[in-house]
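Okay, so here's the structure we're looking at.
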There are 2 protein chains.
Amino acid sequence: MTVRMLSEASGSFTGAGALLTILRDGQARTRAELVQLTGLARSTLAQRLDALLSRQWIVPTEEAISSGGRPAVAFTFNSSARVVLAADLGATHARVAVTNLATDVLAERAAEVPIDRGPEVTLTWLQRTFEEMLAETGHSVDEVCGIGVGLPGPVEHSSGRPINPPIMPGWDGFPVPEWLSERLGAPVLVDNDVNIMALGEHWAARPEADHLIFVKVGTGIGCGIISDRRLHRGAQGAAGDVGHIRVASALDIICRCGNVGCLEAVAGGAAMAARLRAVGVEAAGSRDVVGLVRAGNTQAVQLIRQAGREIGDVLASIVNFFNPSVIVIGGDVAEAGEQVLAGLREVIYSRSLPLATQHLTITASELGDRAGVIGAAVMVIEHVLSPDSVDQSFVQA
Amino acid sequence: MTVRMLSEASGSFTGAGALLTILRDGQARTRAELVQLTGLARSTLAQRLDALLSRQWIVPTEEAISSGGRPAVAFTFNSSARVVLAADLGATHARVAVTNLATDVLAERAAEVPIDRGPEVTLTWLQRTFEEMLAETGHSVDEVCGIGVGLPGPVEHSSGRPINPPIMPGWDGFPVPEWLSERLGAPVLVDNDVNIMALGEHWAARPEADHLIFVKVGTGIGCGIISDRRLHRGAQGAAGDVGHIRVASALDIICRCGNVGCLEAVAGGAAMAARLRAVGVEAAGSRDVVGLVRAGNTQAVQLIRQAGREIGDVLASIVNFFNPSVIVIGGDVAEAGEQVLAGLREVIYSRSLPLATQHLTITASELGDRAGVIGAAVMVIEHVLSPDSVDQSFVQA
């Protein structure tokens, strides 16, 4: 990484990306300050600044000099240089946003969009929505630096394609990045919804946490993992699939994955709704369960608290293994707040090692149902502003 | 990190470390090549090369130029510039080595050293052994760039001190780094034995793996975690403590940690030896269990295979959560090889998600009982040759 970052080999603009990384902290800096900071030759620095200025990644500002000399030109990161299109597509619900390069939301929409209508219908809707929102905010497609999409199923990281997604008929292997990129003319990054939620929550609400686990409890259960401030996707991009960890209390229950004993077959929103229906309480899915808990339905409250314990049982092992500093609970069921957290904390604090729980924070998501869409924007921004991508953008031009 | 690496602020030698990182690949490069590679001004490059040459971190070599011109001086990393002292202190057994900066072992010793004799006795032995081995290899204390020590218990990463180590009476909070550093005059890094084993195995045998879990099954059970090619220590340095994850089959057993149901209370070497004694088979510890398995004792074979299944049960959940590409089994019990691996694989492949196990390798340690000492050397080398440390070494001089 170091070597690549410093590499001058692939063109005279190589290195502009590393310079932009320095300026991304928002502080304005003069040429003299940048020479001192980087050790670059003045001519090399000038070349890289020109490259960044030509694309408006940075803008000049005037800095008054305290010694009374004439003001020197300083340069600062321009978070309005481009816009980002971000989408969090859930099983039935979608949230879409246009943001700037600092994840400030310029426009946002939420809609009922069943993912099981297949990729063509869903992505056509998404394309139109993006176009409308760009028009609304007065931006053109040319200003879009990237598109981030979260999907409710496993996604192959290298290709951005869904792989055997259980609740997404027709999507298996569908080339989502190519489809959107051809129509909107910008690079597309796709990841599963829980990974982008973890990114969003970490970026916006827990930037100080080195190791964070974001557990989404909705229809199913999954988690996104931040290790050393970066998303841990695992070898096949399959990390975080905690919903199919076996728990003792579910050994007689067949999960939708075909296995028996999965956590989400007892503690997922769909499973809880089914249990309520079995005792004559009306509940179609996870949102109804949360509604019943909020309305004080005793059966629903007992069920959700027990679900918290079951999830806590799995997380207690994960806390021993991974030693996170923060566990965030998100997704529909998290909206039942303290009832879920109480069960969870009860088990984690009694079963995990004292050293690992000593400073552990277990909390509900601050971003709530916006975690995913913010995370999709973060994913794009981190990619687009990486030194390699910035350098590459000049080579391609 | 980028900013710090490029920073020129703290002295004229700052940046020499980044230059050394480029040269660590072993390739020889001329001044012209380095100017092209880094974009540095010639004068700045010269200053940094001089700094590295003055400490012999690099050596000049002559490169013939194919065009027939006179040979230009090239510079290459000097892995003999310094020596590293490395130790893996187990519960009863110690392994000590002197290596160069490429982890080549210059001298090595193994000895019975019970850790429960306390820090003064153990570290005095270690200091003498290091001094003898330095003399043997013809090196002086001045050439030692760092000392790496692995301990069989939790270690606070920031201070290098053991924290409440269960099998190390007298060691709690003992300032190991200061004690050794005062006597040997070099920086000391301390970590728990399983972390350094993971580092050693990753470096020497599995350098291609991005995500690796090294499970040590000895008297107790613990694991070291490599996430994205780096050691994941967790928020309190407590990551990897899988020995105290609760398993259903141990709910009636009190663990040495005071809790009930811990994995190592059924599958650790000490627990297995106790079980064998309970049925009249002589076995003092994990090594005896392995000896019995090798001799074909049926009870020991059944026990160790079941231990493999119990460990597999815990790892099956971890595979879903973490999605490693390699699981390595090390420690004494791993020497019973296929018997342990068979039970482990049986459970992991039946219980973890197909996507996560598709390309998963489950294997015994290649380095065996040398994993720890090699890892201790790797820990020191990675620290000493990091750009910041190299820069800092000039500031301190």
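Reminder, nothing fancy here: chain letters follow the sequence lines and each chain counts from 1.
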Check each atom of [X] against the heavy atoms of chain A and say whether the ones under 4.5 Å are side chain, backbone, both or neither.
X: B/Ile225; value: side chain
X: B/Arg230; value: side chain
X: B/Leu263; value: neither
X: B/Ser350; value: backbone
X: B/His232; value: side chain

Chain B: which of [options] shares the most heavy-atom pairs with it under 4.5 Å?
options: A/Ala41, A/Gly243, A/Ala238; result: A/Ala238
options: A/His359, A/Arg42, A/Arg246; result: A/Arg246
options: A/Ala356, A/Ser227, A/Ser325, A/Ala316; result: A/Ser227

Can you measure from CG (A/Asp228) to CG (B/Asp228) and round to the nearest 0.5 angstrom?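 Interatomic distance, A/Asp228 CG to B/Asp228 CG, rounded to 0.5 Å: 9.0 Å.
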
In Å, rounded to the nearest 0.5 Å, how long is the span from CZ of A/Arg351 to SG of B/Cys262?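 Those atoms lie 11.0 Å apart.
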
Could you check B/Ile245, B/Val314, B/Val247 and say which one makes a side-chain contact (heavy atoms from CB on, under 4.5 Å) with A/Ser317?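 Output: one option passes, namely B/Ile245.
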
Toward chain B, the part of [X] with a non-hydrogen atom under 4.5 Å:
X: A/His211; answer: side chain
X: A/Asn259; answer: side chain
X: A/Ser352; answer: neither
X: A/Leu45; answer: neither
X: A/Leu353; answer: side chain

Below 4.5 Å, heavy-atom pairs only: which of B/Asp313, B/Ile163, B/Ile318, B/Val242 has the largest tally toward chain A?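 It is B/Ile318.
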
Main chain of A/Gln236, side chain of B/Asn323: is a donor-acceptor contact present, judged purely on distance under 3.5 Å?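 Here the side-chain-to-backbone pair exists.
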
Do you know the tightest heavy-atom contact between A/Leu40 and B/Gly39?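 Of all heavy-atom pairs spanning A/Leu40 and B/Gly39, the closest is CD2-O, 3.8 Å.
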
Would the number of heavy atoms belonging to other residues, nucleotides or ligands and lying under 6.0 Å from CG of B/Leu251 be above 12?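 It does: B/Leu251 CG has more than 12 such atoms within range.
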
Check the orientation of B/Phe322 and A/Phe322. Use parallel for under 30°, tilted for 30 to 60°, and perpendicular for over 60°.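 Rings of B/Phe322 and A/Phe322: tilted, 30 to 60°.
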
